[in-house]
J.: 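Take this structure first; my questions come after.
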Amino acid sequence: MEFIKLTLEEELAIVTIDRPKSLNALNSQVYQEIIATLGQIKDMDEIKVVILTGSGDKAFAAGADIAQMVHEDAMAGRRLSGLCHDAANLLEGMRQVTIAAVNGFALGGGCELTLACDIRIAAENARFALPEVTLGIIPGGGGTQRLSRIIGVGRAKELIFTGDQIDAQEAYRMGLANHVVPKEELMDTCRALGKKIASRASYAVFLAKTAVNSSLEIDLKNGAEREKDLLGLAFATHDKREGMEAFLARRAPDFKDF
Ligand code: CAA
C-alpha cells in the first residue's frame, strides 16, 4: 500500500489516509487501497472497531483528486464515483463499528467517507464541506444521500448548494459530529470510545448496527419486523446467555461471539 497505513492495536484497526502533500486528496489508487484495506479488516474477527483518519495535522482528506478529475470524461467520472461508493458502503456495512477521527479538512469525498462512518469525532480544527458545485460537479460518494439522513434535508441542501465549509462546533450543533475535542486528544478519544464499544458483546453491536442502518432504508413497520428477527437471533447467541448470567451473578461478562 502506498497511500494507506494500517495499524492494529488489539481490537482496534487504525486506517490512515497518508498523502499529506496533497492534503490526503483521494485519487483512484487511494480509493482502491481504502477498499482493499477495509476488505482485509472485514474478515479479522479480533478487530471490533475501525478508526479512519488522515495523516498530518491539516486534513482528514480534502476531497477527490482534482488534478486527476480535471482530465476525465463522463465514464471516468462515473467509475470514480463507483469507487467512492464502494469505500463508503464498506464502512457503512462492515461488521466492525467505524469511527471517523476528523483531524482537519473533510471536504468532498473526504466528507463523504466520514458520513459513511458510524460515528464522527471532530478535532477543534476540523472543517466539513461538500464543495463540489464550486467545481461544476456534484457530490459523488454518497453525499447527496447520506448528509440529509444525518442532519436533515434543509440543512443538507444549503450545504450542498453553497459548498460552504462549516467548522467543528457548527458540525456538532447540526449533529454531524458526535463530539469535538482538542486536536491533541483526538486519537485517544477515538481509542477510548472504540475500546468501550469493543468491550460490549460485539455480535450484538453488529446486529444493532444492522438494525439501525435498516431504519434508513425501510419503513417503520418492516424495520420493526427486522428488529424482532435480529433480537431473536441475538437470543440464540452465547453472548446473550453469558451477558445475562453474568449480570445475575454480579460478575463481568466474558463475551466470545465474533
Ligand atoms: N485534489 C488535489 N489536490 C489537492 C486537493 C484536491 N482535492 N486539495 C488540496 N490539494 C493540494 C493542493 O493542490 C496543494 O498542492 P501543491 O502544494 O502541489 O500546490 C496542496 O494540496 C495543499 O493545498 P493548498 O495549497 O490549496 O492548501 P490551503 O491551506 O491553501 O487550502 C483547502 C486548503 C481549502 C483544503 C484547499 O486545498 C482546497 O480547497 N482543496 C480542494 C477542496 C475540494 O474542492 N474538494 C472537493 C473535491 S471534489 C470531490 O470530492 C468529488 C467527489 O465527491 C467525487
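Quantities reported herein were computed from a predicted structural model and do not represent experimental measurements. For the single chain, residues carry numbers from 1 onward in sequence order. Counting convention: from 1, in listed order, for ligands and their atoms alike.
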J.: Is the number of heavy atoms from other residues, nucleotides or ligands under 6.0 Å of Arg78 CZ greater than 12?
T.: no
J.: Where is the nearest protein heavy atom to atom 42 (C) of ligand 1: which residue, which atom, and how far?
T.: Ala62 O, 3.3 Å
J.: Does one hydrophobic cluster hold both Val212 and Leu230, with members joined at side-chain heavy-atom distances below 4.5 Å?
T.: no
J.: Around Leu248, counting heavy atoms of other residues, nucleotides and ligands shown, do more than 12 lie under 6.0 Å from its CG?
T.: yes
J.: Within 4.0 Å of atom 46 (C) of ligand 1 (strictly less), any protein heavy atom?
T.: yes
J.: Which bit of Ala25 is near ligand 1, meaning a heavy atom under 4.0 Å away: side chain, backbone, both or neither?
T.: side chain
J.: Pick one of side chain, backbone, both or neither for how Lys58 approaches ligand 1, counting any non-hydrogen atom pair under 4.0 Å.
T.: side chain
J.: Under the 4.0 Å line, does any protein heavy atom show up next to atom 12 (C) of ligand 1?
T.: no
J.: Within the 4.0 Å heavy-atom shell around Met69, which atoms of ligand 1 are there?
T.: 48 (S)
J.: So is there a nitrogen or oxygen of Pro131 less than 3.5 Å from a nitrogen or oxygen in ligand 1?
T.: no
J.: With distance as the sole criterion, is a donor-acceptor pair present between the side chains of Arg226 and Ser214 under 3.5 Å?
T.: yes
J.: Using a strict threshold of under 4.0 Å (side-chain N to carboxylate O), is an ion pair present between Lys240 and Asp257?
T.: no
J.: Of all the non-hydrogen atoms in the protein, which one sits nearest to atom 4 (C) of ligand 1, and at what distance?
T.: Ser22 O, 3.8 Å
J.: Would you call Arg241-Asp239 a salt bridge at under 4.0 Å N-O?
T.: no
J.: For atom 51 (C) of ligand 1, what's the nearest protein heavy atom and its distance?
T.: Glu132 OE2, 3.4 Å
J.: Is there a path of hydrophobic side-chain contacts, each under 4.5 Å between heavy atoms of I, L, V, M, F, W or Y residues, that connects Leu90 with Phe3?
T.: yes
J.: Does the pair Glu9 and Arg191 meet the rule for a salt bridge (Lys or Arg N to Asp or Glu O under 4.0 Å), with working shown?
T.: CA-CA 9 Å; Glu9 295 179 7; Arg191 282 188 179 93; 2.8 Å; yes
J.: Got a donor-acceptor contact below 3.5 angstrom from the Arg19 side chain to the Ala25 backbone?
T.: yes
J.: Does the protein come close to atom 25 (O) of ligand 1 - that is, does one of its heavy atoms sit below 4.0 Å from that atom?
T.: no
J.: Between Asp118 and Lys209 (salt bridge meaning N to carboxylate O under 4.0 Å), is one present in this structure?
T.: yes
J.: Check Ala64 against ligand 1 and report side chain, backbone, both or neither, counting heavy atoms closer than 4.0 Å.
T.: both
J.: Can you tell me the protein heavy atom closest to atom 17 (O) of ligand 1 and the distance?
T.: Lys21 O, 4.4 Å
J.: So for ligand 1, is Ala67 a polar contact partner (N or O within less than 3.5 Å, distance only)?
T.: no
J.: So which protein heavy atom does atom 38 (C) of ligand 1 come closest to, and at what separation?
T.: Leu107 CD1, 4.6 Å
J.: Is any NZ, NE, NH1 or NH2 atom of the basic residue among Arg155 and Glu158 found under 4.0 Å from an Asp or Glu carboxylate oxygen of the other?
T.: no
J.: Just let me know how Leu135 lines up against ligand 1, side chain, backbone, both or neither, with a heavy-atom cut-off below 4.0 Å.
T.: side chain
J.: Take every heavy atom of Arg127, measure it against each atom of ligand 1, and state whether any distance is under 4.0 Å.
T.: no
J.: Just say parallel, tilted or perpendicular for the rings of Phe206 and Phe258, cut-offs at 30° and 60°.
T.: perpendicular
J.: Tell me yes or no: between the side chains of Asp86 and Asn89, is some donor less than 3.5 Å from an acceptor?
T.: no
J.: Going by the atom numbers of ligand 1, which of them fall below 4.0 Å from some non-hydrogen atom of Gly109?
T.: 49 (C), 50 (O), 53 (O)
J.: Quick one: nearest non-hydrogen protein atom to atom 36 (C) of ligand 1, plus distance?
T.: Leu23 CD1, 4.7 Å
J.: May I ask you to test the Phe60-Asn24 pair for a side-chain heavy-atom distance under 4.5 Å?
T.: no
J.: Are there protein heavy-atom neighbours of atom 31 (O) of ligand 1 below 4.0 Å?
T.: no
J.: Any idea which atoms of ligand 1 are less than 4.0 Å away from a heavy-atom of Gly140?
T.: 52 (C), 53 (O)
J.: Using a plain distance cutoff, I'd like to know if Thr134 has any nitrogen or oxygen under 3.5 Å from a nitrogen or oxygen of ligand 1.
T.: no
J.: For atom 19 (O) of ligand 1, decide whether some protein heavy-atom distance is shorter than 4.0 Å.
T.: no
J.: Less than 4.0 Å between atom 28 (P) of ligand 1 and some protein heavy atom, yes or no?
T.: yes
J.: Do me a favour and list the nearest non-hydrogen protein atom to atom 1 (N) of ligand 1 with residue, atom name and distance?
T.: Ile66 N, 2.9 Å
